Number of protein chains: 2
Amino acid sequence: MPRRDSATPPPGDLPHGPHGNRRVYGREMQSRSPASRTGRPRSAAADAAILAATREALVDLGWSKLTLGDVATRAGVAKTTLYRRWAGKNELVVDAVAELFDELKLPDRGSLAADIEGVVLQFASILALPEARSGLMAVVAEATRDEALRERIRASVVDRQKRLVLEGRSRAQARGELPPEPDPASSARTVDLIFDMVAGAVVHRTLVSAEPADEEWVHRFTGVLLRGLAGEAAHPADG
Amino acid sequence: MPRRDSATPPPGDLPHGPHGNRRVYGREMQSRSPASRTGRPRSAAADAAILAATREALVDLGWSKLTLGDVATRAGVAKTTLYRRWAGKNELVVDAVAELFDELKLPDRGSLAADIEGVVLQFASILALPEARSGLMAVVAEATRDEALRERIRASVVDRQKRLVLEGRSRAQARGELPPEPDPASSARTVDLIFDMVAGAVVHRTLVSAEPADEEWVHRFTGVLLRGLAGEAAHPADG
DNA sequence: GGCTTTCGCTACGAGTCGTAGCGTAATGCC
DNA sequence: GGCATTACGCTACGACTCGTAGCGAAAGCC
């Protein structure tokens, strides 16, 4: 059999990635949901090669000109293999871009302002990558007409970011920098508001205004955000 | 000649639209830039019909499945006519979506907070339209790899929004709600920051979080933003 | 009437899509 | 080791879209 493993890049191992319930495998998941123990297992190396090839194609071609045939060729796999694992271009790109957000961390820098600035700068550096710029907005646009795709994005990209907001807030509350919120519903709304403001501003700055979210910008933005949030306790629902 | 004017919807007049230098007509603009007075003029009704058909197709199909042939059929024009006026799908969608933002106004409601809330609610109501949701993000994604398209979006969508920010700020400064900024460079940076925060948050709330930017959300957001900006005078470049 | 430009229509090669079918490879179970 | 089961590579296919070329006719200006 003329295998071409020599063409596959060194993909590391990545048995099924560090993600939770991502990589749902489009169509045939429900029919083998318990555990398909028998038969030839899917190649984990092929997974990694395909996702890497997808990011490479995003850089070279952008989303609209990216074709699954080209990705398959780059990854050194057959086009049919690709269709067996992903339902279409959207799902593939979501998974490929989601891996970029794996390295988002929240190092404890001692103050809420410093923590936020650090996370926002990390987020900005990811959005500065061309594979993230071309891919992320395109799948978000597609998701406006595809509920399942929206859920996939939420699970693999958004929720991972939101966890950082939650963690940072609880730290800040422990430090006394933010007031505690006993009502869980109100607390969730606050987290949603913060998240929309942070992610929205960085995305808009990077992709629409097309200017870098550098340290000066992030510092100003963080200042405005924190002062506004801190003042919210003094104006609780001032209708 | 088997014309099919019966198929063209009642497009109104719209001689060349209320836009400034939009509708650049892709390729052949530079060769007829002074004024082409001779020959058969282009049908303004066809322009309006094409843009309306584009929005209709965005609602029915979304960006990725929208084809120029389908738009031409819906508009009752030949596909070649469409290609004579627009360079491609991206430029066409930008123009079609840009018309949605024409009705953005800044009514003077007496206070900065009320002005901002009014504009943000208008912006949110436009983003709630399916033709705006599917189209806008897609062209922004494409623009990450196309400088000319980015400029087209800036001229026809972004700048029109930014003018509202400028106008609202000058009103607020006249009222004493915001401190004056003598330095024009710093002033421009402030406007950019506000704009990225407002537009980014609304877009993220509407398209990524997929939840409505209703009055309650807008009220909270506006409060955080204004308190943060008002406090900036007290912390001038405390970095 | 001449000149110029636009318009509708048809036709075309090139490229992509997603799937079917086949033979082969790699596992687990007996 | 043999068997069943699943994954893989490869080829081929009809259907669709793309963007353009060419034609005759229409609609303006002089």
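It should be emphasised that the depicted structure is a prediction, and the values quoted were computed from it without experimental measurement. Chain letters run A, B, ... following the sequence lines, proteins first and then strands; every chain starts at 1.
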Rounded distance in Å - CH2 (A:Trp86) to P (C:dC17) | 16 Å
Checking side-chain contact (heavy atoms from CB on, under 4.5 Å) for the pair B:Asp214/B:Trp217: CA distance, chi angles, key distance, verdict?
-> CA-CA 5 Å; B:Asp214 51 17; B:Trp217 184 88; 3.4 Å; yes
Does any donor-acceptor pair link the side chain of B:Arg84 with the base of C:dG8 at a separation under 3.5 Å?
-> yes
Over how many whole Å does the gap from A:Leu61 atom CG to C:dT16 atom C1' extend?
-> 13 Å
For the residue pair A:Glu56 and A:Glu131, establish whether any side-chain heavy-atom pair is separated by less than 4.5 Å.
-> no
Among D:dT20, C:dT16, D:dA7, which is the nearest nucleotide to the side chain of B:Tyr83?
-> D:dT20
Proximal nucleotide (of C:dC7, D:dA4, D:dC8) relative to the A:Arg85 side chain | D:dC8
Between C:dG8, D:dA27, C:dG18, spot the one nearest the side chain of B:Arg40, thanks.
-> D:dA27
By nearest-nucleotide position on DNA chain C, the 5'-leaning member of B:Thr81 and A:Asp70 is B:Thr81
Measure from the side chain of A:Ala78, starting at C-beta and using heavy atoms only, and say which of C:dT6, C:dG8, D:dG9 lies closest.
-> D:dG9
Ignoring hydrogens and angles, answer whether the base of D:dG28 and the side-chain atoms of B:Arg42 contain a donor-acceptor pair closer than 3.5 Å.
-> no
Quiz item: B:Lys79 side-chain donor-acceptor pair to C:dG8 base, under 3.5 Å = no
Going by atom types alone, do A:Ser209 and B:Arg154 pair a side-chain donor with an acceptor below 3.5 Å?
-> no
Below 3.5 Å, does any donor atom in the side chain of A:Thr80 face an acceptor in the base of D:dC10, or the other way round?
-> yes
5′-ward residue of the pair B:Leu68/B:Pro41 relative to DNA chain D = B:Leu68
Ignoring hydrogens and angles, state whether a donor on the side chain of A:Thr190 or B:Arg220 is under 3.5 Å from an acceptor on the partner side chain.
-> yes
Name every residue in residues 135-144 of chain A that has at least one heavy atom under 4.0 Å from any atom of DNA chain C, in order of residue number, or write none if there are no such residues.
-> none
Are A:Asp102 and A:Arg160 within salt-bridge range, i.e. N to O under 4.0 Å?
-> yes
Here the distance between atom C1' of D:dT17 and atom NZ of B:Lys89, to the nearest Å, is 10 Å
With a non-hydrogen cut-off below 4.0 angstrom, is B:Ser43 in contact with a base, only sugar-phosphate, or nothing?
-> sugar-phosphate
Partner residues of A:Leu106 under the side chain to side chain contact (heavy atoms under 4.5 Å, CB included) criterion, sequence neighbours left out = A:Asp115, A:Val119, A:Leu164, A:Glu167, A:Arg171
Do A:Pro212 and A:Thr206 come close enough that some side-chain heavy atom pair is under 4.5 Å?
-> no
Nucleotide C:dA20, atom P - distance to CG of A:Leu82 in whole Å | 17 Å
